[in-house]
Amino acid sequence: MGIDTEDDIVQDFLVESREILEALGGQLVELEQRGDDRDLLNAVFRGFHTIKGGAGFLSLDALVSVCHRTEDLFNLLRNGERTVTPELMDHVLRALDVVNDQFDSLEAGREPPEAPPDLLAALEQLIESGQVQGEAPAAAEAAQANGDEITDDEFEQLLDALDETADGKKASAASANTVGDGEQSDGDEITEDEFESLLDQLHGKGQHSGKPDKPLADKQASPPSSSQADDDLISEDEFDQLLDQLHGEGKGPATRKPAADSKPAAAPRGEKPAPSAPAAKPTAAAGSANAEPEADKASPKGETSVRVDTAKLDDIMNLVGELVLVRNRLSTLRAQLDDERMGVAVGDLELVTSDLQAAVMQTRMQPIRKVFGRFPRLVRDLARSLGKDIELELRGEDTDLDKNLVEALADPLIHLVRNSCDHGVETPEERRAAGKPATGKLMLSAEQEGDHILLVIADDGKGMDPEMLRRKVIEKGIMDAESAARLDDKDCFNLIFQPGFSTKDQISDVSGRGVGMDVVKTRISQLNGTIDIDSTMGVGTTLRIKVPLTLAILPTLMVTLDGRKFAVPMSVVSEIFELDMEHTKVVDGRRVVMVRKKAMPLFFLDRWIQRIKGTLSEGAASGATPAEQQVVTVVLGNQPIGLVVDEVLGLEEVVIKPLGAMLQGLPGLAGSTITGDGRIALIIDIPSLVKSYGSTM
């Protein structure tokens, strides 16, 4: 049966649930480090509970099934009846993956598939016994140290001691299974005679109140009075005496809770707990998932947000782009006409347009948290598979950037984080041998710098060895020995972005194929961004990525080539200088110019224009080369190159328009725009330009 994803209720459920699932990914990884954090346990419980409730309303049984079991497990965890262990978290995280997959199907209009039977069985076993059959009993060992519950072994010793002093009968060793639910099988129940023996030992023979007047079943219908509860339930002092007999006075487990849910004669569900029980006053944190603070109930807040289709935001952004073009046109006319009133009006229009442009761009902004949120889980899984201990630190998660950039940066950042975990951070043994803490640190940060976003991925691993990188690039035939010898350390670090380059000798599930880092460089270049590497042996490696805040309205540098205007994205421009052919040389067949004692390759864009002319109209003659030319230095990935142009005109904000059918798909062109004087200018796509025509320019 299909799902109507256009239905408002389904849409609300999908949006709310996706937000919950994104939060759960980080919360679960954090919980593995702080398993006793009640706030986290309650937050995770509420997350699965909320999704289960919505899925139940929509009759999504497959989704309800896995969420219900996970919710039950976390109910036991937050009540202290189970302990968080890595093995338990493996199954919970797998359950989260299954739920995410089910939502993928739901968003595609399909019925969510059933969860794998082995996962459901594993969750059931964790609920019933605290461990999955066939796995090491890590959970049981961890529970041994829990000071809030009496263990099975301790309770068995208690019953054995009572039986030996009373009538020698053997008591059931599994009566601790009644904890929390008051339900017992016939073979596990403590008999009334055994319980009387227990009271005789505590009070003296004949001093206790005797066996209850009513059977346990009758008490469910008629709750006991306060005095009856005091007679029938063991007190804290009495429980402490029993522990002293088992362990020696003062040597028993600290601060045991003899609440009704931890004794053989536990009150059934639905009964009012005895006044002496510590759990008689539930805290807000341990209360119902639907509980709300009284202050919130007293003063409900109105709606402060509205959900808008992103297509509508794109349409508004396109209209603002058209307004920017009109503004540029009027600004050009103002400079040509000497009219004070027109100048004032155009100035006001510029202010309003700038404010409107900023406001509309802000509606498209999203916090980079949407990307960062997936990395705690990624690092956790990588660390376990690689046998490493890695602590992830996230900074600047609230930094905003264009939604299109948020989506485009996801894959490059995943590659870089995986690379840092695999190649950067060492194993605990290697770190100890190097005098470092066994746990490695990985930091991922974002911050705004002007009209750019700076992303940093830093680790405290072994760093990069320039000599090893030189050897690898020669072994793989990417570069000859003479060229490799001329590379400085910075150039060696950038070798990892070469296609087919890898420092791994063996291929694994994580790395070794030489695919990934070159894709990162290409993708960052397509976003008009740059990437830089710093590394120190034994200290660590830092990668810095700079990308523009938005791709919708593009600041450009206007230049002329062969009498035509072209726009170069300003985000990659670093400097401009006059070309002096006397300071150029030819190295490996490429014209270069010396800049600060380093050779920078030159690309003569007039030759590229000649190539385009030859493609569009055979035999077209090239224009004469101007006597004076200028060099625009741009950074492609991490390599500075010089674009030789006829003239630099200045800065101008442009709106990217698609190319016509004749130029569509032509390498070197990213689109077109209308300049302030009403003419059409082509926008240069530097990565595809150099890749396609670099050898002929």
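- Between Thr70 and Val44 the shortest side-chain heavy-atom distance does not fall below 4.5 Å.
- Each of Leu58, Leu14, Asp101 was compared with Leu106 under the side-chain contact (heavy atoms from CB on, under 4.5 Å) criterion, and only Leu14 meets it.
- With respect to Glu393 and Lys441, no salt bridge is recorded, no charged nitrogen being found less than 4.0 Å from a carboxylate O.
- Counting only heavy atoms from C-beta outward, the side chains of Leu409 and Leu401 approach each other to under 4.5 Å.
- Side-chain contact between Gln357 and Glu653 is present, with heavy atoms from C-beta onward closer than 4.5 Å.
- A salt bridge links Arg377 to Asp381: one of the charged nitrogens lies within less than 4.0 Å of a carboxylate oxygen.
- Going from atom CG of Leu444 over to atom CG of Leu413 covers 6.0 Å, rounded to the nearest 0.5 Å.
- When atom types are taken as modelled, the side chain of Asn100 and the backbone of Leu96 share a donor-acceptor pair closer than 3.5 angstrom.
- In summary, Arg395 and Glu447 do not engage in a salt bridge, as defined by a charged side-chain N under 4.0 Å from a carboxylate O.
- Inter-residue side-chain proximity for Gln102 and Pro113 is flagged as met; some heavy-atom pair is nearer than 4.5 Å.
- Atom CG of Leu119 and atom CG of Leu123 lie 4.5 Å apart (nearest 0.5 Å).
- When all heavy atoms of Leu77 and Leu88 are compared, the pair lying nearest together is CD1-CD2, 4.1 Å.
- Residues Phe497 and Ile533 form a side-chain contact, since some pair of their non-hydrogen atoms from C-beta on lies under 4.5 Å apart.
- By the 4.5 Å heavy-atom criterion applied to side chains, Val98 and Pro116 are counted as neighbours.
- A salt bridge does not link Lys370 to Glu407: none of the charged nitrogens lies less than 4.0 Å from a carboxylate oxygen.
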Step-by-step side chain to side chain contact (heavy atoms under 4.5 Å, CB included) determination, Ile457 to Thr542: CA-CA 6 Å; Ile457 302 100; Thr542 301; over 6 Å; no
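- By the side chain to side chain contact (heavy atoms under 4.5 Å, CB included) test, Glu124 is found to be paired with Arg69, Glu128, residues two or more places apart in sequence or in another chain being considered.
- The minimum heavy-atom distance linking Leu405 with Pro548 is given by the pair CD1-O, 2.7 Å.
- Atom OG1 of Thr399 is separated from atom CD of Gln366 by 13.5 Å, given to the nearest 0.5 angstrom.
- No donor-acceptor pair under 3.5 Å is formed between the side chain of Asp422 and the backbone N or O of Arg418.
- The aromatic rings of Phe13 and Phe103 are tilted relative to each other, their planes meeting at an angle between 30° and 60°.
- Arg364 CZ to Leu313 CG: the interatomic distance, rounded to the nearest 0.5 Å, is 7.5 Å.
- Inter-residue side-chain proximity for Ile390 and Leu382 is flagged as unmet; no heavy-atom pair is nearer than 4.5 Å.
- With salt bridges taken as basic N to acidic carboxylate O contacts below 4.0 Å, one links Arg384 and Asp90.
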Step-by-step side chain to side chain contact (heavy atoms under 4.5 Å, CB included) determination, Val520 to His415: CA-CA 7 Å; Val520 169; His415 278 298; 3.4 Å; yes
CA sep, side-chain torsions, deciding dist, call: Glu652, Asn328, side chain to side chain contact (heavy atoms under 4.5 Å, CB included): CA-CA 8 Å; Glu652 187 170 332; Asn328 294 344; 4.0 Å; yes
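- For the pair Ser672 (side chain) and Ala681 (backbone), a donor-acceptor distance under 3.5 Å is absent.
- Considering NZ of Lys521 and CD1 of Ile496, their distance stands at 10.5 Å, rounded to 0.5 Å.
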Asn75/Asn79 under side chain to side chain contact (heavy atoms under 4.5 Å, CB included): CA gap, chis, key distance, verdict: CA-CA 6 Å; Asn75 192 39; Asn79 290 336; 3.6 Å; yes
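- In this view, Phe375 satisfies the ring-ring contact (aromatic ring centres under 6.0 Å, His included) rule with no residue, not counting sequence neighbours.
- Of the inter-residue distances, the one linking Leu40 atom CG with Glu32 atom CD reads 12.5 Å to the nearest 0.5 angstrom.
- At a threshold of 4.5 Å between non-hydrogen side-chain atoms, the residues Leu24 and Phe48 count as touching.
- Taking each heavy atom of Pro112 and Ala62 in turn, the nearest pair found is O-CB, 3.6 Å.
- Electrostatic pairing of Lys546 and Asp532 does not count as a salt bridge here, judged by no charged N lying under 4.0 Å from a carboxylate O.
- Taking the charged nitrogens against the carboxylate oxygens, Lys52 and Glu71 do have a contact shorter than 4.0 Å, which makes a salt bridge.
- For the ring-ring contact (aromatic ring centres under 6.0 Å, His included) test, no residue two or more places apart in sequence or in another chain qualifies with Phe372.
- Under a 4.0 Å N-O distance rule, the pair Asp118/Arg94 qualifies as a salt bridge.
- Formation of a donor-acceptor pair under 3.5 Å by the Arg38 side chain with backbone atoms of Arg78 is found in this model.
- Salt-bridge check for Asp72 with Arg82: failed, with every basic side-chain N at 4.0 Å or more from each acidic carboxylate O.
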